Protein chains: 2
Amino acid sequence: MANQSPRLDQVFAALADPTRRAIVMRLCAGEASVGELADPFAMALPSFMKHIHVLETSGLVLSEKSGRVRTCRLSPDALLGAEDWFQQQRAIWEARLDRFEAYVMKLKKEKERAAAKRPSRTTKRKGSE
Amino acid sequence: MANQSPRLDQVFAALADPTRRAIVMRLCAGEASVGELADPFAMALPSFMKHIHVLETSGLVLSEKSGRVRTCRLSPDALLGAEDWFQQQRAIWEARLDRFEAYVMKLKKEKERAAAKRPSRTTKRKGSE
DNA sequence: CGATTGGTTAGCCATGAAGCTAACTATAGG
DNA sequence: CCTATAGTTAGCTTCATGGCTAACCAATCG
């Protein structure tokens, strides 16, 4: 029940930036070096590296340096964790909608029964909500 | 293909804060007034209202004031939009994994065929990557 | 060796986010 | 009418974020 996970904070914060989302999207297609990743962006390397670092500390991306080139790849766990969060919320939301619908149905039925009992009151306006 | 949606920026940024995620979770269970929402948090009202406002401009939450009380409710669209983003990434990721697996299978088969051809070389080490 | 390439570190700046208090508006209740 | 309630506005601090330049390693390559 305690959903105070600092990981989610970082994952969502990381994904709030279009540059970083683009990096994640790129990495979904396969690993790449920092240089390759940086290429499409009109941004100085140090600025770009900050984004990589943010992605890394959020757990979304892993990287490894061999020689003078650092290769980055996606770590699906964090991504899946965030997706889970959405699915949980949606489940709760949908359960509520179901309950609400059930409630409306119940009201409707009661109204029908009342109408059957004393038809003269069928045209009564809306009723209390 | 242009996924530069400023909406996603705002939605993810909104969800990067634990207070705001808690608000969203609370609202999944049904609408509530600002006061009700603020109650569990040890935070001055003006600070809290900022969170509400962030949620509102992100499109996650709608609110309406009647009398002196403002009632908030979830707007599922933005939530679903964000969930979609994850599902798209996952689809790409999984397609890649499939392709990778297919590639590995192909390698394996070739190796087997080679082994069948000249069994003496079966114990050769790893091979070039 | 010396130059180039690929990345890293350090430090600066502007902006925006998250919190606070204090003071104000406007409805509801007595 | 008076007071308490529910938000709201204004203005202030502090810290994080996103960008830059300049200078600095450390592998390659010629």
Side-chain angles (χ1 to χ4, degrees), chain A residues 4-27 30-73 78 129, chain B residues 3-27 30-73 78:
Chain A
Q4 225 57 345
S5 168
R7 181 53 71 89
L8 269 190
D9 286 27
Q10 296 179 300
V11 170
F12 282 132
L15 294 177
D17 184 287
T19 299
R20 289 193 292 257
R21 276 202 308 283
I23 295 173
V24 168
M25 291 168 75
R26 168 60 238 278
L27 288 179
E31 53 182 45
S33 72
V34 170
E36 280 176 292
L37 289 172
D39 195 52
F41 300 96
M43 187 184 297
L45 247 229
S47 315
F48 187 79
M49 282 297 294
K50 278 195 192 174
H51 288 297
I52 297 286
H53 191 247
V54 169
L55 287 169
E56 228 169 332
T57 57
S58 78
L60 282 164
V61 164
L62 299 176
S63 78
E64 223 175 336
K65 194 163 180 178
S66 111
R68 67 184 167 182
V69 39
R70 172 172 300 278
T71 305
C72 304
R73 62 194 170 81
E129 158 56 9
Chain B
N3 227 333
Q4 226 57 342
S5 168
R7 178 57 69 89
L8 269 189
D9 286 27
Q10 295 179 301
V11 170
F12 283 131
L15 294 177
D17 184 287
T19 299
R20 290 193 292 257
R21 276 202 308 283
I23 295 173
V24 168
M25 290 168 75
R26 168 60 239 275
L27 288 179
E31 52 183 46
S33 72
V34 170
E36 281 175 291
L37 289 173
D39 194 51
F41 299 95
M43 190 185 295
L45 246 229
S47 316
F48 188 80
M49 282 297 294
K50 277 195 191 172
H51 288 297
I52 297 286
H53 191 246
V54 169
L55 287 168
E56 228 170 333
T57 58
S58 78
L60 283 164
V61 163
L62 299 175
S63 78
E64 224 175 336
K65 193 164 179 177
S66 110
R68 67 184 166 177
V69 39
R70 172 172 299 276
T71 305
C72 305
R73 63 196 169 80

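Per chain, numbering begins at 1; letters A, B, ... match sequence-line order. Keep in mind that this is a model prediction, so the values were computed, not measured.
Residues B:Glu36 and A:Ala44 both approach DNA chain D. Their nearest nucleotides, taken by heavy-atom distance, put B:Glu36 toward the 5′ side. Remark on DNA chain D: of its neighbouring residues A:Ala42 and A:Gly67, the 5'-side contact belongs to A:Ala42, judged by nearest-heavy-atom nucleotide.
Regarding A:His53, its NE2 atom lies at a distance of 14 Å from the C1' atom of D:dT17, rounded to whole Å. Between B:Lys65 atom NZ and D:dT8 atom C1' there is a gap of 7 Å when expressed in whole angstrom units. For the pair B:Gln10 CD and C:dA17 C1', the interatomic distance rounds to 14 Å; values are reported in whole Å. Between B:Asp17 atom CG and C:dG16 atom P the separation is 18 Å, expressed in whole Å. Protein atom CZ of B:Phe12 is 17 Å distant from nucleotide atom P of D:dT17, rounded to whole Å. One interatomic measurement links the two molecules: CD of A:Glu64 to P of C:dG7, which rounds to 14 Å at whole-angstrom precision. Between the P atom of C:dT8 and the CZ atom of A:Phe48 lies a distance of 11 Å, rounded to the nearest Å. Protein atom CG of B:Asp39 is 14 Å distant from nucleotide atom P of D:dT5, rounded to whole Å.
Residues B:Glu56 and B:Ser63 have side chains that bring a donor and an acceptor to within less than 3.5 angstrom of each other.
Listed candidates were C:dG11, D:dG7, C:dG19. Nearest to the side chain of B:Met49 is D:dG7. Nearest to the side chain of B:Arg70, among D:dT8, D:dA22, D:dG18, sits D:dT8. Distances from the side chain of A:Pro46 to the nucleotides D:dA22, C:dG19, C:dA18 place D:dA22 closest. Checking C:dG7, D:dG19, C:dT21 against every side-chain atom of A:Leu45, the shortest atom distance belongs to C:dG7.
OP1 or OP2 of D:dT8 has not a single side-chain nitrogen or oxygen of B:Arg68 nearer than 4.0 Å. Distances shorter than 4.0 Å separate none of the side-chain N or O atoms of B:Ser47 from OP1 or OP2 on C:dA18. For A:His51, a side-chain nitrogen or oxygen approaches OP1 or OP2 of D:dG19 to under 4.0 Å.
Remark: the A:Lys50 side chain and the D:dG19 base include a donor-acceptor N/O pair separated by less than 3.5 Å.
The side-chain contact (heavy atoms from CB on, under 4.5 Å) test with B:Arg20 singles out one residue from B:Val54, B:Leu15, B:Ile52, and that residue is B:Val54.
A heavy-atom distance below 4.5 Å is not found between the side chains of A:Phe41 and A:His51.
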| Pair A:Val61-A:Leu27, side chain to side chain contact (heavy atoms under 4.5 Å, CB included): steps then yes or no | CA-CA 9 Å; A:Val61 164; A:Leu27 288 179; 3.6 Å; yes
| said: Show, in sequence, the C-alpha distance, side-chain angles and deciding distance for A:Glu64 and A:Thr71, and conclude whether the side chain to side chain contact (heavy atoms under 4.5 Å, CB included) test is met. | reply: CA-CA 5 Å; A:Glu64 223 175 336; A:Thr71 305; 5.5 Å; no
